[in-house]
A.B. asks: 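Sending over a structure as structure tokens; questions will come in a sec.
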Protein chains: 2
Amino acid sequence: MKKTILVFALLVLALYTLFRISKYSLFIGDTPIELIITAIAIVFFIVGIYINKKSLQKPQQATKEIDHQKIKELEITSREYEVLQAISAGLSNKEIAEKLFLSESTIKTHVSNLLVKLNAKRRTQAVQIAKTQKIL
Amino acid sequence: MKKTILVFALLVLALYTLFRISKYSLFIGDTPIELIITAIAIVFFIVGIYINKKSLQKPQQATKEIDHQKIKELEITSREYEVLQAISAGLSNKEIAEKLFLSESTIKTHVSNLLVKLNAKRRTQAVQIAKTQKIL
DNA sequence: AGGCTTTTGGTACTTTAGTATGAAGCCCGT
DNA sequence: ACGGGCTTCATACTAAAGTACCAAAAGCCT
């Protein structure tokens, strides 16, 4: 937001400067106005692209960001979330246990709790739900 | 690609038209040049935003596009691909069987073949591999 | 028509996943 | 210090997933 205002201020400033240049060139006489206009066109063209890129990058990143609020709402604990990430990576319970230095029983407990909290019947469904909920 | 060329052609045309208008206004006399310049600036600003939006939408969709070539390379058949999609949706073998009007045995066969072709040990891993390979 | 791949299905078995229940240790706030 | 949530682990199941191997019908391609 602040950046947008800043860029817009610079835009107005540039417009004013270009006014000054155009007036100056008129007083000089037969300075090629086409050149000035082309320069203005290119500058505003680039500025338009730049501003648009800035405004479009935000929603692009937003879709990739994870909803930490949602995780809290679902009461998913940090350990459970670690397991969830491991599941989405395609690991088995045994592999997750080895990765986190835990027993397979513990992983099974976490997975079971995750399935309840995510309202899923299987780990694959849990991953799918987590992704649509922007948790993963 | 064709659209970009079209827009660019329109851009050049607009530039030429604006040249004509600017020259005409000079012959007229003291027509406010600031207005013309502002108009040019606004037009190119908008065109800049428009072109940028068009060019940015493509890579956004490109990341979501699936690599059909890769599917062929991995020798994944159409039926197997349907099963793969169902797996990523979080369905069980039984649910997939019901969805595709097949027996669970058939689904198991397809899944087994998929795991070999995707070099995965589990269905969850298969989904993960398929997504990194841009098959899903 | 014969050969090929795909698709379908089965049996029998092993492995992994998931449920239910209980329990112990830990940390944190009151 | 006590209660409560988190984490850890275990046992004993049931259910689902996956493997191996086989086999038949269907669809192509030449």
Side-chain angles (χ1 to χ4, degrees), chain A residues 66-133 135-136, chain B residues 66-133 135-136:
Chain A
I66 51 173
D67 193 345
H68 296 283
Q69 188 61 36
K70 197 85 189 178
I71 297 173
K72 284 180 186 174
E73 282 174 22
L74 293 171
E75 295 179 318
I76 294 173
T77 65
S78 56
R79 212 50 162 164
E80 283 164 0
Y81 188 68
E82 284 183 81
V83 174
L84 181 59
Q85 288 176 316
I87 290 172
S88 80
L91 301 182
S92 68
N93 288 339
K94 188 180 280 183
E95 286 170 340
I96 298 169
E98 285 167 4
K99 190 185 175 187
L100 301 178
F101 305 105
L102 298 174
S103 82
E104 200 183 331
S105 304
T106 309
I107 305 302
K108 281 189 178 184
T109 307
H110 288 320
V111 172
S112 250
N113 291 332
L114 269 171
L115 295 181
V116 173
K117 288 174 182 178
L118 284 170
N119 197 29
K121 287 172 184 170
R122 284 162 294 281
R123 48 174 50 218
T124 46
Q125 198 182 10
V127 170
Q128 199 270 331
I129 290 169
K131 281 184 178 172
T132 56
Q133 301 266 43
I135 285 174
L136 276 179
Chain B
I66 51 173
D67 192 347
H68 297 281
Q69 187 61 36
K70 196 84 189 179
I71 297 172
K72 285 180 185 173
E73 285 175 22
L74 293 171
E75 294 178 316
I76 294 172
T77 65
S78 57
R79 211 52 161 163
E80 283 165 0
Y81 187 68
E82 283 184 83
V83 173
L84 181 58
Q85 288 177 316
I87 290 172
S88 80
L91 300 183
S92 68
N93 287 339
K94 188 180 279 182
E95 286 170 342
I96 297 169
E98 286 168 3
K99 190 185 175 187
L100 300 179
F101 304 105
L102 298 173
S103 81
E104 200 182 332
S105 304
T106 309
I107 305 301
K108 282 189 178 185
T109 309
H110 287 320
V111 171
S112 253
N113 292 332
L114 269 171
L115 294 181
V116 173
K117 288 175 183 177
L118 284 169
N119 197 30
K121 287 173 184 170
R122 284 163 293 283
R123 46 170 55 215
T124 46
Q125 199 182 8
V127 170
Q128 199 268 330
I129 290 169
K131 281 186 178 170
T132 57
Q133 301 266 45
I135 285 174
L136 276 178

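Quick note on labels: first sequence line is chain A, next is B, and so on, each numbered from 1.
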A.B. asks: Do any N or O atoms of the protein come closer than 3.5 Å to N or O atoms of nucleotides 6-13 of chain C, and which pairs are they?
C.D. replies:
| unit_1 | atom_1 | unit_2 | atom_2 | d |
| --- | --- | --- | --- | --- |
| dT7(C) | OP1 | Ser78(B) | OG | 2.9 |
| dT7(C) | OP1 | Arg79(B) | N | 3.4 |
| dT7(C) | OP2 | Thr77(B) | OG1 | 2.4 |
| dT8(C) | OP1 | Arg79(B) | NE | 2.8 |
| dT8(C) | OP1 | Arg79(B) | NH2 | 2.7 |
| dT8(C) | OP2 | Arg79(B) | NE | 2.9 |
| dT8(C) | OP2 | His110(B) | NE2 | 3.1 |
| dG9(C) | OP2 | Ser103(B) | N | 2.9 |
| dG9(C) | OP2 | Thr106(B) | OG1 | 3.0 |
| dG9(C) | O5' | Thr106(B) | OG1 | 3.4 |
| dG10(C) | OP2 | Ser103(B) | OG | 3.4 |

A.B. asks: Please determine if a side-chain N or O atom of Ser112(A) lies less than 4.0 Å away from the OP1 or OP2 oxygen of dG18(C).
C.D. replies: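 The answer is no; no side-chain N or O of Ser112(A) sits under 4.0 Å from OP1 or OP2.
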A.B. asks: What residues, two or more places apart in sequence or in another chain, satisfy side-chain contact (heavy atoms from CB on, under 4.5 Å) together with Ala97(B)?
C.D. replies: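 side-chain contact (heavy atoms from CB on, under 4.5 Å) check on Ala97(B) returns Ile107(B).
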A.B. asks: Give, ordered by number, those residues of residues 84-98 of chain B having at least one heavy-atom distance below 4.0 Å to an atom of DNA chain D; if nothing qualifies, reply none.
C.D. replies: Ser92(B), Asn93(B)
A.B. asks: What residue pairs, at least two apart or across chains, pass salt bridge (charged side-chain N to carboxylate O under 4.0 Å, His left out) with a residue in residues 115-127 of chain A?
C.D. replies: Glu80(A)-Lys117(A), Arg122(A)-Glu95(B)
A.B. asks: side-chain contact (heavy atoms from CB on, under 4.5 Å) with Leu74(A): which residues, sequence neighbours excluded?
C.D. replies: Lys70(A), Ile76(A), Leu118(A), Ile135(A)
A.B. asks: In degrees, rounded to 10°, what is the bend between the two ends of the helix from dG3(C)-dC28(D) to dT30(C)-dA1(D), using five pairs at each?
C.D. replies: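 Here the local axes at opposite ends form an angle of 50°.
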A.B. asks: Could you encode protein contacts along nucleotides 24-30 of chain D as a string, one character per nucleotide from 5' to 3', using B for base contact, S for sugar-phosphate-only contact and - for no contact, with a heavy-atom cut-off of under 4.0 Å?
C.D. replies: -------
A.B. asks: Looking only at the side chain of Arg122(A) (C-beta and beyond, no hydrogens), which of the listed nucleotides dA17(C), dA17(D), dT19(C) gets closest?
C.D. replies: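 Nearest to the side chain of Arg122(A) among the choices is dA17(D).
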A.B. asks: Enumerate the salt bridge (charged side-chain N to carboxylate O under 4.0 Å, His left out) contacts for residues 100-115 of chain A, please, sequence neighbours excluded, ordered by first and then second residue.
C.D. replies: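 Checked against salt bridge (charged side-chain N to carboxylate O under 4.0 Å, His left out) - neighbours excluded - no pair reaches residues 100-115 of chain A.
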A.B. asks: Please name all residues satisfying side-chain contact (heavy atoms from CB on, under 4.5 Å) with Thr109(B), sequence neighbours left out, ordered by chain then number.
C.D. replies: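 Thr109(B) satisfies side-chain contact (heavy atoms from CB on, under 4.5 Å) with Asn113(B) once adjacent residues are dropped.
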A.B. asks: Please name all residues satisfying salt bridge (charged side-chain N to carboxylate O under 4.0 Å, His left out) with Glu82(B), sequence neighbours left out, ordered by chain then number.
C.D. replies: Arg79(B)
A.B. asks: Taking only residues two or more places apart in sequence, or in another chain, which ones meet Ser112(B) in a side-chain contact (heavy atoms from CB on, under 4.5 Å)?
C.D. replies: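 Scan of Ser112(B) (side-chain contact (heavy atoms from CB on, under 4.5 Å), adjacent residues dropped) gives none.
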A.B. asks: Could you list the residues that satisfy side-chain hydrogen bond (donor to acceptor under 3.5 Å, both in side chains) with Ser88(B), not counting sequence neighbours?
C.D. replies: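 Residues passing side-chain hydrogen bond (donor to acceptor under 3.5 Å, both in side chains) with Ser88(B): none at all.
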